[in-house]
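What follows is a set of notes on a single structure, which appears directly below.
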Amino acid sequence: FVLEFTFPEPRPVHGLSADFAHMSFIITARLYADAHAAPKVYTQEFRDTPSEPHVEMEFENPPAVVQKVRLQVQQLEPPADVHIHVREVNLR
């Protein structure tokens, strides 16, 4: 599952918090300082989460300001009928 956010004006982004339905998953966040810059990539794995997981990710040494954020959520060991429920995402 991919979410992509493009901001009209670059802004600081230091982390994210998000709520999901129960699953084990990996989040990969790519932070782009501008359209021509290579992204700064952050990845975190979440296993054995509670039934309604709330996750926090901190971005160490992010770009000063970010033009675009691309979030990829990959379910680990998915059932035959994959369902990824994203309840809320907050960039901070």
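Count residues from 1 along the sequence.
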Item to complete: For K40 and N61, indicate whether the former's side chain and the latter's backbone hold a donor-acceptor pair under 3.5 Å.
Response: yes
Worksheet item: Counting only N and O atoms by type, is there a donor-acceptor contact under 3.5 Å from the side chain of H54 to the main-chain atoms of S17?
Response: no
Rounded to the nearest 0.5 Å, what's the gap from [atom1] on [X] to [atom2] on [Y]? Could you check?
| X | Y | atom1 | atom2 | result |
| --- | --- | --- | --- | --- |
| L31 | K68 | CG | NZ | 11.0 Å |
| F59 | L91 | CZ | CG | 7.0 Å |
| F7 | Q67 | CZ | CD | 8.5 Å |
| Q75 | H85 | CD | NE2 | 8.5 Å |

Any side-chain heavy atom of [X] within less than 4.5 Å of one from [Y]?
| X | Y | result |
| --- | --- | --- |
| V73 | M23 | yes |
| F1 | Q72 | no |
| F20 | I27 | yes |
| E4 | Y32 | no |
| V65 | R11 | no |
| L76 | F46 | no |
| D81 | P79 | no |
| T28 | Q74 | no |

Same cluster (ILVMFWY, side-chain, under 4.5 Å), [X] and [Y]:
| X | Y | result |
| --- | --- | --- |
| V82 | L71 | yes |
| F5 | Y42 | yes |
| I84 | M57 | yes |
| V41 | V55 | no |

Worksheet entry | Minimum heavy-atom distance between R87 and A21, given as atom pair plus value | NH2-CB, 3.4 Å
Worksheet, complete the sentence: Heavy atoms of H22 and T49 approach each other most closely as CE1-O, 3.0 Å
Practice prompt. Determine, step by step, whether E52 and D19 satisfy the side chain to side chain contact (heavy atoms under 4.5 Å, CB included) criterion, reporting the C-alpha distance in whole Å, the side-chain angles of both residues, the deciding distance to 0.1 Å, and the verdict.
Written response: CA-CA 7 Å; E52 298 289 323; D19 297 305; over 6 Å; no
Worksheet item: Do R92 and E56 meet the salt-bridge criterion of a basic N to acidic O distance under 4.0 Å?
Response: yes
Worksheet entry | Ion pair R47/E45, N-O distance below 4.0 Å | yes
